[in-house]
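See below for the structure under consideration.
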Amino acid sequence: MFRSEQLFERAVKVMPGGVNSPVRAYQSVGSTPRFIRRADGAYVYDVDQNRYIDYICSWGPMILGHNNMKIREAVIQASYEGLSFGAATEMEVNMAERICRLVPSMEMVRMVNSGTEAVMSAIRAARGYTGRNKIIKFEGCYHGHSDSLLVKAGSGVMTAGIPDSLGVPEGCARDTLTAVYNDCDSVARLLEENKGEVAALIVEPVAGNMGVVEPCPGFLQGLRDLCTEHGAVLIFDEVITGFRLSLQGAQGYYGITPDLTTFGKIIGGGMPVGCYGGRREIMQTIAPCGSVYQAGTLSGNPIAMAAGLAELTQLEENPDIYLRLEEMGNYFRDRLRDILKAAGKSYQVTGVGSLSCLFFAEQPVLNYQTAKTSDTAEFARYFNWMLDHHIHLAPSQFEAIFLSAAHTKKDVDETLDAAEEFFRA
Ligand code: PMP
């Protein structure tokens, strides 16, 4: 028996599903997780000494590749000074200044410990600022697991086929309205029907939790215009796209300015971090400036700040990384499309920059409904084939394929060769 299997047997006895986050489970692909012992560059190594080319990249933060030397050194150095003070530090000022300098829409930021917390807090700020309660989100977008956002969500919720979570009181979900991604009219209707009641519209500027779905031309600008017209706060959830599509995130990439933005894991270089921020007058409603309460014992943790700053510094000093990732992403998607065409398959390859997805769907994927037409049984066969060929993909049709600066053309070609064999077979 493999050590991963032995560990899984132990894990399921003491942890729900044997995992600490449902997206790590291999349930939907009919297998059991590989337990990872270490990672380096583009590779992860499991407890059975297998090496895999990794396309999960810790679900985004490892844009520089795993175990980046400068991030590791920064963490080690910071740890000599102490792991947490629960007090103000210079490092968190540096981090806030850095984010505000790099992302023009960020006039003030508040650090938190996860993407979930960032979004939950941004929503509270928007409600406090506008004095309104309702929010609009899109079907298939995932914004963390807080009560009011676990409505028609993507990511693990979609993989498990759970429409809405048990344990979310009706009252919490009542104020969450859902619109159709890439459909501004669906948003306009909700805003009209709930005139003067919508505090915020939250969107993943590139949807990355129902697979990867790009915004159609005009969609994000349409949302910007609608929010301005109706006095609703436009929140870009850039937990996946932030510092990944560009140094200014998706907002820089597409040239749209949101009112508030949430960032997550990527600004922690692998440490647990998130932040939210944006327009000064909204952020000044946050305690102790204003009356919107939000706090955190470990927020702005010095080790996490050191890791994040080391990551952001490298991204800023090497802007070529984004060009390379874009080129590599285009190459990956183009060759995958060629492979599918040659095999007579009409599946959809989507993506932008370093984010890609192969939908086992026959029709173009524009939103949750079309993403759901994917043949998940065929995806499961593909996933297991790729895993057997030492390619580590997310164990779900509805997640992104992440490229990092550490992936070489050779890695990508090896991956595509395995895919080609699968589709030929
Ligand atoms: N928003 C988006 C867009 C996400 O992709 C995620 C998680 N992948 C979250 C929020 C929640 O972040 P976390 O898992 O750090 O709570």
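Just so it is clear, the model here is predicted, and its values are computed rather than measured. Both backbone and side-chain heavy atoms feed into the values below; hydrogens, waters and symmetry mates do not. As the structure lists them, so they are numbered: ligands from 1, and atoms in each ligand from 1.
Remark: T313 pairs with R98 by the side-chain hydrogen bond (donor to acceptor under 3.5 Å, both in side chains) rule, at least two apart or across chains. With sequence neighbours left out, the side chain to side chain contact (heavy atoms under 4.5 Å, CB included) criterion links T89 to F85, M91, E92.
Distances from ligand 1 to the non-hydrogen atoms of W59 include no value under 4.0 Å.
Both the sub-6.0 Å distance and the 45° axial angle are satisfied by R38 relative to the ring of Y45.
When each atom of ligand 1 is checked for a heavy atom of T116 under 4.0 Å away, the hits are 11 (C), 12 (O), 13 (P), 16 (O). Close approach of ligand 1 to E204 is summarised as follows: ligand atoms under 4.0 Å from at least one heavy atom of the residue are 3 (C). When each atom of ligand 1 is checked for a heavy atom of D237 under 4.0 Å away, the hits are 1 (N), 2 (C), 3 (C), 10 (C). Counting the atoms of ligand 1 from 1 in the order shown, those under 4.0 Å from a heavy atom of I240 are 5 (O).
Looking only at heavy atoms of the protein, atom 9 (C) of ligand 1 is closest to G144 N, 3.7 Å.
Contacts with ligand 1 closer than 4.0 Å are made by backbone heavy atoms (N, CA, C, O) of H143 only, the side chain lying farther away. Residue contacts with ligand 1 for N209 involve side-chain atoms from C-beta outward but no N, CA, C or O (heavy atoms, distance under 4.0 Å). Under 4.0 Å from ligand 1, not a single heavy atom of E117 appears.
Across all non-hydrogen atoms, the minimal contact from R333 to S356 is NH1-OG, 2.9 Å.
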